[in-house]
Amino acid sequence: MVALEVTGLTKRYGSVRALEQVSFTVAPGEIFGYLGPNGAGKTTTLRILAGLVRADSGEARLLGRPAREAAARLSVGYLPGDLKLYGGMTGRALLDLFARFRPARPPVLRERLLDSLALESRDLSRRVKFLSHGTRQKLGLVIAMQHDPWLLLLDEPTSGLDPLVQIAFRDLVVERASQGCAVLFSSHVLSEVEAVCRRIAVLGAGRLLALESVDALRSRMVRRVHVRFRGDPPEALGETPGVIRCDRAGPDATLSVQGDVNPLLRLLARHEIERLVLPEPQLEDIFLRYFERGRDADG
């Protein structure tokens, strides 16, 4: 059975196209990356899946049921990107409140989640309005996951989390997927997508620009490498496999490298280097490449 099936989803707000014929599926046990810049339509998609917004056309099915049916969401966990919680309640009272919405699915994972996300008793005893953004985000994650859902809809789930908690969260998601839970993971952080997702969809201006494996995504990545040599840069630098652009200024070279960086690293290992900076590729660069392909296809 397909855990999540989206077929031809279309949504407009007046003249603004939020979604246009978006289709994809997520299998049980799969962590699916849903990528796109702000305004691409990611949040609209998740709101439709969560039953908060109705599509103009198309269909979404959660665990075999139409998303518009309340029964479809009993085994679903949802974390909105614009998380808002009842500020006057304590953290523990809030967890209990949301647990009562699903009496047939008790919060069996709560203690495991509290421990992994480092949510302590003193956090849960305070009123939510006095908690930090990161602590409120942790509460949102526990609310979404405490009833051991079969499908998770997560909109920018690591927003506000410190790096160690982000790692713990990713471990939790991988663990749940290993138990058969399907995960739709919306994120702007490329390293997160690489770490946990098997396939990705790239959304732009409401249209699905790409649907492919993370391995294919990696092959399209462009890294900007900055090198300062002790002496002149080697003549063969710009001809190295994977180097698609080479800009030189004295002993400095700035390279754009697509795909495998090992041929470049082997060349650099044969020369004296004073400084080497190889930052993570930027998600925006990948978006731009997909947008360019989309424009070419339209033309």
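Please read these numbers as outputs of a predicted model, since none were measured by experiment.
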Student: Mind checking whether Leu97 and Leu109 sit in one hydrophobic cluster, side chains of I, L, V, M, F, W, Y counted as touching below 4.5 Å?
Tutor: yes
Student: Tell me whether Arg17 contacts the main-chain N or O of Ala205 through its side chain, where contact means a donor paired with an acceptor under 3.5 Å.
Tutor: yes
Student: To the nearest 0.5 Å, how far apart are CG in Leu9 and OG in Ser57?
Tutor: 8.0 Å
Student: Is there a donor-acceptor pair closer than 3.5 Å between any side-chain N or O of Lys42 and the backbone N or O of Gly36?
Tutor: yes
Student: Count the heavy atoms of every other residue, nucleotide or ligand shown that sit under 6.0 Å from CZ of Arg170, and state whether that count exceeds 12.
Tutor: yes
Student: Side-chain heavy atoms nearer than 4.5 Å, only ILVMFWY residues, links allowed to pass through others: does that put Leu74 and Val108 together?
Tutor: no
Student: Let me confirm one number: the CZ-CD1 distance from Arg176 to Ile31, rounded to the nearest 0.5 Å.
Tutor: 11.5 Å
Student: Run Asp155 and Ser186 through side-chain hydrogen bond (donor to acceptor under 3.5 Å, both in side chains) and show every step you take.
Tutor: CA-CA 5 Å; Asp155 195 355; Ser186 164; 3.3 Å; yes
Student: Calculate, to the nearest 0.5 Å, the distance between atoms CG and CG belonging to Leu139 and Leu113 respectively.
Tutor: 11.5 Å
Student: Assigning hydrophobic clusters by single linkage (Ile, Leu, Val, Met, Phe, Trp, Tyr; side-chain heavy-atom cutoff under 4.5 Å), is Phe169 placed with Leu85?
Tutor: yes
Student: Are Leu184 and Tyr78 side-chain neighbours, meaning at least one heavy-atom pair lies under 4.5 Å?
Tutor: no
Student: Locate the shortest heavy-atom distance separating His133 from Ser159; write the atom from each residue and the value.
Tutor: NE2-OG, 3.4 Å
Student: Show the nearest heavy-atom pair for residues Ala182 and Pro28, with the distance to one decimal.
Tutor: CB-CA, 4.1 Å
Student: If every non-hydrogen atom of Ala55 is compared with every non-hydrogen atom of Ile48, which pair is closest and at what distance?
Tutor: CB-CD1, 3.9 Å
Student: Among Val26, Leu153, Leu152, Leu151, find the residue that satisfies the side-chain contact (heavy atoms from CB on, under 4.5 Å) test when tested with Val183.
Tutor: Leu152
Student: Report the distance from atom CG of Leu95 to atom CE of Met89, rounding to the nearest 0.5 Å.
Tutor: 9.0 Å
Student: Can you hop from Val173 to Ile167 via hydrophobic side chains spaced under 4.5 Å?
Tutor: no
Student: I need the minimum non-hydrogen distance between Arg73 and Leu49, along with the two atoms involved.
Tutor: CD-O, 4.1 Å
Student: Between Arg47 and Thr43, do the side chains contain a donor N or O and an acceptor N or O under 3.5 Å apart?
Tutor: no
Student: What distance separates Glu120 CD from Arg126 CZ, expressed to the nearest 0.5 Å?
Tutor: 12.0 Å
Student: Has the side chain of Glu20 got a donor or acceptor atom that lies under 3.5 Å from a matching backbone atom of Arg207?
Tutor: no
Student: Got a sec, which hydrophobics cluster with Val243, joining ILVMFWY side chains under 4.5 Å apart, including via others?
Tutor: Val225, Val227, Phe229, Leu237, Leu255, Val257, Val261, Leu264, Leu265, Leu267, Leu268, Ile273, Leu276, Leu278
Student: Quick check: is Leu62 connected to Phe185 through a chain of hydrophobic side chains (ILVMFWY, heavy atoms under 4.5 Å apart)?
Tutor: no
Student: Please report the closest heavy-atom contact between Gly250 and Pro233, naming both atoms and the distance.
Tutor: O-CD, 3.2 Å
Student: Do other residues, nucleotides or ligands put more than 12 heavy atoms under 6.0 Å from the CZ atom of Arg65?
Tutor: no
Student: For Thr10 and Asp56, test the side chains for any donor-to-acceptor distance below 3.5 angstrom and give the result as yes or no.
Tutor: no
Student: Return yes when atom CG of Asp232 has more than 12 non-hydrogen atoms of other residues, nucleotides or ligands closer than 6.0 Å, and no otherwise.
Tutor: no
Student: First locate atom CD1 of Ile200, then atom OH of Tyr34, and finally report the distance between them rounded to the nearest 0.5 Å.
Tutor: 11.5 Å
Student: Check whether any side-chain heavy atom of His147 sits under 4.5 Å from a side-chain heavy atom of Pro107, and report yes or no.
Tutor: no
Student: Answer yes or no: are there more than 12 heavy-atom neighbours, outside Phe101 itself, under 6.0 Å from its atom CZ?
Tutor: yes
Student: Identify the two heavy atoms, one from Ala72 and one from Ala67, that lie closest to each other, and give their separation to 0.1 Å.
Tutor: CB-CA, 4.4 Å
